[in-house]
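Please read these numbers as outputs of a predicted model, since none were measured by experiment. FYI, side chains are in, hydrogens and waters are out, and symmetry mates aren't considered; it's all heavy atoms of this structure.
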Amino acid sequence: MSEINAYVGGKIRMYRKEQGMTLQQLADRIHKSRASISKYENGEIALDIETLFEIADALRVVPGQLMDYHPDVPKEPSPASFSDTKSPFFQAKRLYFYFYDGRYKRLKDGIIDIRENESKPGNYEASLSISAVTPTGRSSEIYYTGKVVYSDMLIRFSFVNQCNALEEDLLYIFNPLEIRDMTDGLLCGISSADLMPCAFKCLVSLTPQEHTEAFKKQLLITKRELQRWQKLNMLIVDNRG
């Protein structure tokens, strides 16, 4: 039995009992069998991301309340701590970032540079420069700086626009479960253009990518994704690809 599976299962059981909900009632809400729910709670089988979100919704908690597992480590994990995951995204000092901005019908790309804070070993900072690709060439760059937090499944960047401190953005990218060059991400924050909340599906790569039509299609939100998000009443980006 995995320690993480047992921990998540225990949190599901705790929140279910707090609400006076039976195994069968929870099973009915997410269209699973009672036996499956029991195995989830006992840590006998691992939860996939979609089921985890469905259970969190049924229990009226956020997914993070089920996944707040923290192993006993002396300090915040760093890329070196995850060398056994074989994920080069945890060792990368430079990443290439891409998303499609439907407001302006432009593919935008950027470069993320990561460095360790010299005065605080084990803490990491990052800079992000974003430029838009236009028919006549690139537009002027927008420059952000921020911090990086590593976990076993995600890397989180928190950025602030250096020209407008009111614009703060969060970028979450997944640690691929297998070795590959590119991974999915979600960029969200408040747009400085219209002061409205926004979220973009994005791709982050270890190497520069050509701006082909096929690559652009990977950045667009599909009807299938919209249907899934509508069902869950939330925007998610998963690591299936």
Side-chain angles (χ1 to χ4, degrees), residues 49-50 53 57 62-64 89 92 94-114 125-149 154-176 180-241:
I49 292 295
E50 186 167 349
F53 273 78
D57 184 58
V62 297
F89 286 88
R94 169 166 285 191
L95 295 168
Y96 298 87
F97 166 76
Y98 304 87
F99 70 97
Y100 183 78
D101 191 338
R103 298 170 300 178
Y104 307 107
K105 294 182 172 54
R106 292 180 183 174
L107 189 155
K108 295 185 176 180
D109 65 6
I111 293 176
I112 302 171
D113 285 315
I114 303 166
E125 299 174 343
S127 61
L128 166 66
S129 57
I130 297 179
S131 61
V133 181
T134 66
T136 57
R138 294 181 176 277
S139 67
S140 58
E141 291 188 334
I142 305 174
Y143 187 68
Y144 300 79
T145 60
K147 298 180 179 180
V148 193
V149 176
L154 293 170
I155 304 175
R156 187 194 73 185
F157 299 86
S158 53
F159 290 114
V160 176
N161 186 329
Q162 292 304 286
C163 295
N164 183 354
L166 293 177
E167 183 183 350
E168 297 183 82
D169 296 292
L170 291 176
L171 169 63
Y172 295 91
I173 68 173
F174 279 90
N175 170 32
R180 65 174 191 251
D181 185 65
M182 193 178 302
T183 188
D184 303 314
L186 176 69
L187 175 68
C188 52
I190 303 296
S191 169
S192 60
D194 47 20
L195 299 180
M196 295 289 288
C198 59
F200 298 95
K201 172 183 177 181
C202 59
L203 293 172
V204 178
S205 174
L206 298 168
T207 56
Q209 302 295 310
E210 292 186 22
H211 299 154
T212 63
E213 283 300 313
F215 180 68
K216 174 183 170 182
K217 286 183 179 179
Q218 293 183 59
L219 298 169
L220 300 179
I221 295 171
T222 66
K223 289 184 178 179
R224 183 178 179 182
E225 288 171 328
L226 285 172
Q227 290 171 349
R228 284 185 57 224
W229 298 345
Q230 185 176 26
K231 176 183 176 183
L232 299 173
N233 197 36
M234 62 177 67
L235 277 170
I236 60 172
V237 175
D238 60 28
N239 194 29
R240 298 182 178 186

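Partners of Lys147 by side chain to side chain contact (heavy atoms under 4.5 Å, CB included), not counting sequence neighbours, listed by chain and number: Ser158. Scanning for ring-ring contact (aromatic ring centres under 6.0 Å, His included) contacts around Phe215 gives Tyr98, with sequence neighbours left out. Under the side chain to side chain contact (heavy atoms under 4.5 Å, CB included) criterion, Pro197 pairs with Ile190, not counting sequence neighbours. For Arg156, there are no side chain to side chain donor-acceptor pair (under 3.5 Å) partners two or more places apart in sequence or in a different chain. Under the rule for a side chain to side chain donor-acceptor pair (under 3.5 Å), Ser129 has no partner lying at least two apart in sequence or in another chain. Judged as a side chain to side chain donor-acceptor pair (under 3.5 Å), and not counting sequence neighbours, the contacts of Thr207 are Asp181, Gln209. Partners of Glu168 under the salt bridge (charged side-chain N to carboxylate O under 4.0 Å, His left out) rule, at least two apart in sequence or in another chain, do not exist in this structure. In this structure Glu225 satisfies the side chain to side chain contact (heavy atoms under 4.5 Å, CB included) test together with Lys201, Ile221, Thr222, Trp229, sequence neighbours excluded. The salt bridge (charged side-chain N to carboxylate O under 4.0 Å, His left out) search around Lys231 returns Glu54, not counting sequence neighbours. Contacts of Phe99 classified as ring-ring contact (aromatic ring centres under 6.0 Å, His included), with partners at least two apart in sequence or in another chain: Phe97, Phe200. Applying the side chain to side chain contact (heavy atoms under 4.5 Å, CB included) test to Asp57 and every residue at least two apart in sequence or in another chain returns nothing.
Taking NZ of Lys216 as the start and CG of Leu107 as the end, the distance is 8.0 Å to the nearest 0.5 Å. Within the model, atoms CD1 of Ile130 and CD1 of Ile112 stand 8.0 Å from one another, a figure rounded to the nearest 0.5 Å. The CD atom of Gln218 sits 6.0 Å away from the CE atom of Met182 when rounded to the nearest 0.5 Å.
Of all heavy-atom pairs spanning Cys202 and Leu187, the tightest one is SG-N, 4.1 Å. Of all heavy-atom pairs spanning Arg180 and Phe89, the tightest one is O-CE1, 3.5 Å. Taking each heavy atom of Val160 and Gln162 in turn, the nearest pair found is O-NE2, 3.1 Å.
Inter-residue side-chain proximity for Ile111 and Arg94 is flagged as met; some heavy-atom pair is nearer than 4.5 Å. Side-chain atoms of Leu95 and Leu206, non-hydrogen and from C-beta on, do get closer than 4.5 Å to each other. Using a 4.5 Å heavy-atom cutoff, the side chains of Ser127 and Tyr143 are in contact. A 4.5 Å side-chain heavy-atom check between Leu203 and Leu219 finds at least one atom pair inside the cut-off. Side chains of Ile173 and Leu171 form a contact here, defined as non-hydrogen atoms less than 4.5 Å apart. Counting heavy atoms from C-beta on, the side chains of Val204 and Phe157 never come closer than 4.5 Å.
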Side chain to side chain contact (heavy atoms under 4.5 Å, CB included) between Val148 and Ile155, worked out:
CA-CA 7 Å; Val148 193; Ile155 304 175; 3.6 Å; yes
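Between the Thr183 side chain and the Phe174 main chain, a donor and an acceptor come within less than 3.5 Å of each other.
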